[in-house]
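A note on names: the letters A, B, ... follow the listed sequences, proteins ahead of strands, and every chain is numbered from 1. What you see is a predicted model, and the numbers here were worked out from it, not measured in a lab.
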Number of protein chains: 6
Amino acid sequence: MKLSARNLVPGKVKEVTVGMVNAEVVIEVAPGVEVASVITKNSVDRMDIKVGDEVKAMIKATSVMIAKD
Amino acid sequence: MKLSARNLVPGKVKEVTVGMVNAEVVIEVAPGVEVASVITKNSVDRMDIKVGDEVKAMIKATSVMIAKD
Amino acid sequence: MKLSARNLVPGKVKEVTVGMVNAEVVIEVAPGVEVASVITKNSVDRMDIKVGDEVKAMIKATSVMIAKD
Amino acid sequence: MKLSARNLVPGKVKEVTVGMVNAEVVIEVAPGVEVASVITKNSVDRMDIKVGDEVKAMIKATSVMIAKD
Amino acid sequence: MKLSARNLVPGKVKEVTVGMVNAEVVIEVAPGVEVASVITKNSVDRMDIKVGDEVKAMIKATSVMIAKD
Amino acid sequence: MKLSARNLVPGKVKEVTVGMVNAEVVIEVAPGVEVASVITKNSVDRMDIKVGDEVKAMIKATSVMIAKD
């Protein structure tokens with residue numbers, strides 16, 4: 001399956017915090033570099049996401065802003 | 001200035017494509033790993049974003065989805 | 001591959017309008033019901049999206065608002 | 001009132017899960033086809049959204065990605 | 001019609017720039033305070049948005065980040 | 001630091017509601033005009049956001065829709 005989402009960054013799940021509706025999943029994408037994701041609790045359960053899993057952070061290009069010093 | 005946006009990934013601008021309203025900026029965040037961003041042409045002009053710039057890709061955690069094999 | 005994006009609605013591409021950076025793809029998901037999507041021109045090219053293609057509209061649950069009369 | 005949001009898909013509320021800040025609302029838009037939405041608990045209360053309500057899922061075109069086999 | 005989108009800020013259209021797919025609409029929401037919006041060209045045409053129009057900027061709460069000095 | 005996010009609206013924090021994963025922050029941007037934001041609990045803690053703080057609501061132009069009567 002091909003996806004229009006331009007950004008797929010591989011990493012390992014480091015932390016999962018589950019609330020009543022949403023969950024926060026922290027993914028380590030490089031040594032010391034983390035990407036935080038908020039998805040539904042339902043998706044965490046359905047995909048069985050847990051610490052140590054190899055996953056990909058997926059981000060639509062329109063959602064990426066730029067900061068410059 | 002502190003920002004609520006959780007994800008700030010440093011990289012170097014590799015490519016800038018400018019349209020009439022939007023522009024696409026491709027950032028190399030690691031050797032061979034690119035992050036594509038779509039921001040307004042106005043922001044590219046105002047921030048003077050060009051190939052070779054050191055920038056940060058900034059992403060709100062809610063915009064990050066997860067894929068798992 | 002499992003995806004956290006909760007909404008995957010199948011349909012057929014009815015119209016593709018390509019700009020310099022973005023493209024608009026109109027998908028007919030039911031007779032007379034269309035879903036419009038804006039993705040990068042790069043994704044349209046890479047995925048070879050054209051009128052008549054069977055595709056899925058993919059939407060993160062956080063991006064869905066609700067209107068009620 | 002006219003809205004720039006391109007996608008308005010009518011359906012019936014099938015499930016409401018309320019957390020402390022957000023709520024998940026599942027809308028059946030066609031027999032067997034559901035759309036999940038995450039909005040604030042505040043909006044669910046203010047709009048009095050409950051199972052059985054006729055509503056519309058509203059989605060900005062920029063939030064719609066495309067998947068293709 | 002009630003909308004789940006929490007933020008509706010009234011203002012006057014100050015500038016419209018139209019591209020092939022998207023358009024940028026700048027709204028003056030207070031003296032000297034502007035809000036920029038990117039919507040599809042299709043919506044600008046359909047809603048007949050032009051300089052001087054009284055409109056509302058509509059923003060889902062999840063899309064609002066916070067900066068603090 | 002320059003940011004591509006086009007919209008930065010100053011205001012004062014009026015209300016903070018914290019859940020397990022997310023938090024809702026209501027910002028008064030003008031007398032009687034409020035902007036609601038949903039960010040992670042982690043960001044509220046890290047930035048020490050509390051009632052009375054002077055902050056800025058930050059919004060990417062692509063996330064701004066338009067309503068017109």
Inset, instruction - Give the member of Asn22(C), Ile49(C), Asn7(C), Val55(C) that has the highest number of heavy-atom pairs under 4.5 Å with chain D. - result: Asn7(C)

Inset, instruction - Please identify each residue that fulfils side-chain contact (heavy atoms from CB on, under 4.5 Å) with Lys56(D), with sequence neighbours left out. - result: Ala67(C), Asp69(C), Leu8(D), Pro10(D)

Legend entry - Distance (rounded to the nearest 0.5 Å) between Arg46(D) CZ and Lys68(C) NZ: 11.0 Å

Legend entry - Residue list, side-chain contact (heavy atoms from CB on, under 4.5 Å) with Glu15(C), at least two apart or on another chain: Thr17(C), Val26(C)

Inset, instruction - Report the residues that fulfil side-chain contact (heavy atoms from CB on, under 4.5 Å) with Ser63(D), sequence neighbours left out, ordered by chain and then residue number. - result: Ser63(C), Ile59(D), Lys60(D)

Legend entry - chain D neighbours within residues 37-45 of chain C, where any heavy atom lies under 4.5 Å away: Ser37(C), Val38(C), Ile39(C)

Legend entry - Nearest heavy-atom neighbours spanning Ala57(C) and Val64(D): CB-CG1, 3.9 Å

Inset, instruction - Tell me, yes or no, whether the heavy-atom count around Lys12(D) atom NZ, taken from other residues, nucleotides or ligands under 6.0 Å, exceeds 12. - result: no

Inset, instruction - Against chain C, work out which of Val25(D), Val35(D), Val33(D), Thr62(D) has the most heavy-atom pairs shorter than 4.5 Å and name it. - result: Val35(D)

Inset, instruction - Heavy atoms only, distances under 4.5 angstrom: which of Glu24(C), Glu54(C), Met65(C) has the most pairs with chain D? Name it, please. - result: Met65(C)

